[in-house]
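Everything below concerns the one structure shown next.
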Number of protein chains: 2
Amino acid sequence: MTNQHIAPISSRFLRNRGRNRLSAEEVAALEVAFGGVRAVAARKTLIEKGAPVHDSTLLIEGVMCRYLDDQQGHRQLLGVHIGGDFVDLHGFPLDRLDHDVATLTEVKIATIPRERVMALIARFPNLARVLWRSTMLDAAMHREWIFRLGRLGAQGRVAHFFSEMETRLRLAGLANDNGAPLPINQADVAEACGLTPVHVNRVLRILREEGLMTFRSGVIEIGDRRRLQRLAEFDDSYLYPDTDAAP
Amino acid sequence: MTNQHIAPISSRFLRNRGRNRLSAEEVAALEVAFGGVRAVAARKTLIEKGAPVHDSTLLIEGVMCRYLDDQQGHRQLLGVHIGGDFVDLHGFPLDRLDHDVATLTEVKIATIPRERVMALIARFPNLARVLWRSTMLDAAMHREWIFRLGRLGAQGRVAHFFSEMETRLRLAGLANDNGAPLPINQADVAEACGLTPVHVNRVLRILREEGLMTFRSGVIEIGDRRRLQRLAEFDDSYLYPDTDAAP
DNA sequence: CGCAGCCTTGAAGTAAATCAAGGATTGTGG
DNA sequence: CCACAATCCTTGATTTACTTCAAGGCTGCG
């Protein structure tokens, strides 16, 4: 099923998060609800904590993140988003956001005004379920991040982070034979894993020397998936790959 | 507004998570959808990871938790639930659960069969939004737990955990002048905060000696809320207290 | 060429884990 | 009502993983 022609904006969402769950009519209604596609530079905060939610933002291309700052201004990443993810859909039922949303790379995004989301889900109850489900997938990832930070050591955390990202990129159809492209730096990984950049660097060296994986120039390459996932205590079922992804 | 008479099962949910957002008709429909109230002993796993979701469970009284096990069987708590919380509503759009759900104390619960939830939200789109919103509040708490584990030291983590629980208990109308009752032990706190029980004990002693708070016999007492919240970097806005709680 | 951003490595310091032992509290059966 | 067990809490000594501080080396780009 190629949605690319009939749904240029939402095709990756459909593949990544909503596959086989929307009718042609629903896809068409969703597609026309978006405003135009917009480009945003890397390292820009798009939405500030506390801001009222007027739109929902779909990430089409690039990498974004959500984060909370601590008192010294150090970030804790709460999630990393890739093409096909809604980055602030959870703000729709909550009215305002409880954290910041920023770009990590240059991105292309499209937005839907809040009222149009309201109208869409009133007209298509099934679409409401698909959108709810998408926010629940983010919540499932949140839970796994809690596990990662609460129970794993530095090597496990980094291994888990990259296991998740590589799996998601693959499920979204964004990985290829050369690896999975994730153009972020070691400091970003540190902010995701609750570690210092220095220590992430040391951990990456160990993982590289052990042949488990490499992360160089923004590309993830898995060397030994089995051992990497054992170290990470990683089980992809929380990404619901069987019910949600490309075949 | 006292829902206790007209909605004996869902009254605390309404107060805690859905206040002023449901019509009398919606409340009545929700109330009759529940099966009977059931008691469960302390420290029982109610729902296992991977289990298909046939019902949604509302916690009426007592304390429950969600958790993931690591390879040595040590738990990481993902959330703690009090009266008025749905403990597995997120499983409704996801079909199966990605973690375990267990009781920490004796509890009273009520369940709604999945099909009835489907029928209810088809009939009352507003109820769908209120339920979605409730799951989004859990996600907001997840995010704060990620921050807690990723950016705070042991004292901050424990202070943050108890700040959250005390606030939630108060918003749910479950706290009183003697403090906020949370009948769990230090090992549970350790599993929530990603620490060892020994270290939680040491941290609690410091917090007690500094006059910030005490936690004894399952009761939280806040000594100096301002300083506790500064230590915890705690800001209650993620609990949406203005829009959601008792007046 | 020279600068900026990012990565890498070393040495010293520290927060929390681990290991170990006892003490308090609650509940229970004689 | 007391003996005893079970559970939970408390404290000390040692070890360890990660941070912090510091410096230098790549790589790509204007």
Side-chain angles (χ1 to χ4, degrees), chain A residues 41-44 63 70-76 103-106 148-162 182-210 213-221 231, chain B residues 41-43 63 70-76 103-106 148-162 182-210 213-221 231-232:
Chain A
R43 311 265 164 202
K44 299 286 172 205
V63 183
D70 69 10
Q71 276 166 359
Q72 295 116 52
H74 294 138
R75 288 180 174 188
Q76 174 62 47
T103 62
L104 290 175
T105 67
E106 290 179 9
R148 176 195 299 161
L149 293 169
R151 276 289 162 292
L152 301 182
Q155 292 179 41
R157 289 189 206 177
V158 172
H160 191 285
F161 174 76
F162 284 111
L182 186 70
I184 67 177
N185 62 36
Q186 294 183 358
D188 298 321
V189 177
E191 289 178 344
C193 294
L195 300 168
T196 57
V198 171
H199 203 59
V200 167
N201 182 278
R202 291 190 227 270
V203 168
L204 282 174
R205 175 159 52 112
I206 294 169
L207 297 180
R208 195 188 324 127
E209 287 169 357
E210 295 280 325
M213 61 160 291
T214 64
F215 178 62
R216 243 197 290 257
S217 329
V219 178
I220 310 166
E221 282 185 86
L231 175 66
Chain B
R43 311 262 163 205
V63 183
D70 70 10
Q71 275 167 0
Q72 296 116 53
H74 294 137
R75 287 180 176 189
Q76 173 62 46
T103 62
L104 291 175
T105 68
E106 291 180 6
R148 177 195 298 159
L149 294 168
R151 276 290 163 288
L152 301 182
Q155 293 179 39
R157 288 189 206 177
V158 173
H160 192 284
F161 174 76
F162 284 111
L182 186 70
I184 67 177
N185 62 35
Q186 295 182 358
D188 298 321
V189 177
E191 289 177 344
C193 294
L195 299 168
T196 56
V198 171
H199 203 61
V200 166
N201 182 279
R202 292 190 226 270
V203 167
L204 281 173
R205 174 160 53 109
I206 293 169
L207 297 180
R208 194 188 323 125
E209 287 169 355
E210 296 279 326
M213 64 159 291
T214 64
F215 179 62
R216 243 196 290 257
S217 327
V219 177
I220 309 166
E221 283 185 84
L231 176 65

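Protein chains get the first letters and strands the later ones, always in sequence-line order, with residue 1 at the start of each.
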For atom [atom1] of [X] and atom [atom2] of [N], their distance in whole Å:
X	N	atom1	atom2	answer
Leu152(B)	dT19(D)	CG	C1'	16 Å
Leu149(B)	dA15(C)	CG	C1'	16 Å
Arg151(B)	dT19(D)	CZ	C1'	12 Å
Gln155(B)	dA17(C)	CD	P	13 Å
His199(A)	dA15(C)	NE2	P	16 Å
Ile184(A)	dG5(C)	CD1	P	18 Å
Leu195(A)	dA17(D)	CG	P	14 Å
Ile206(A)	dC18(D)	CD1	P	9 Å

Respond yes when some side-chain nitrogen or oxygen of [X] is under 4.0 Å from OP1 or OP2 of [N], and no when none is.
X	N	value
Arg208(A)	dT8(C)	yes
Thr196(A)	dC18(D)	no
Asn201(A)	dT8(C)	yes

[X] side-chain proximity, nearest of [options]:
X	options	value
Asn185(B)	dC9(D), dA16(C), dT8(C)	dC9(D)
Gln186(A)	dT8(C), dA16(C), dC8(D)	dT8(C)
Val198(B)	dT19(D), dC19(C), dC6(C)	dC19(C)
Arg205(B)	dT11(D), dT18(C), dT9(C)	dT11(D)

Could you tell me the separation between the NE2 atom of His160(A) and the CZ atom of Arg151(A), rounded to the nearest 0.5 Å?
->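 Here the interatomic distance stands at 13.5 Å.
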Gap separating the CZ atom of Phe215(B) from the CG atom of Leu182(B), nearest 0.5 angstrom =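 Nearest 0.5 Å value for the CZ-CG distance: 5.5 Å.
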Hey, are the side chains of Phe162(B) and Val189(B) touching, using non-hydrogen atoms and a 4.5 Å cut-off?
->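 Yes - at least one pair of side-chain heavy atoms lies under 4.5 Å apart.
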Could you check if a side-chain atom of Gln76(A) sits within less than 4.5 angstrom of a side-chain atom of Asp70(A), using non-hydrogen atoms only?
->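 No, their side chains stay 4.5 Å or more apart.
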Let me know, please, whether Pro197(B) or Ala154(A) comes out on the 5' side of the other along DNA chain D by nearest nucleotide.
->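 The 5'-side residue here is Pro197(B).
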Between the base of dT18(C) and the side chain of Arg202(B), is there a donor-acceptor distance below 3.5 Å?
->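 It does, because a donor-acceptor pair links the side chain of Arg202(B) to the base of dT18(C) below 3.5 Å.
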Taking the side chain from Arg208(B) and the backbone from Thr214(B), do they hold a donor-acceptor pair closer than 3.5 Å?
->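 Not at all, since once roles are kept as given, no pair shorter than 3.5 Å links the two residues.
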For Gly194(B), answer base if it contacts any base atom (sugar-phosphate contacts may also be present), sugar-phosphate if it contacts only those atoms, and nothing otherwise; contact means non-hydrogen atoms under 4.0 Å.
->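 Counting heavy atoms under 4.0 Å across all strands, the contact made by Gly194(B) is with sugar-phosphate only.
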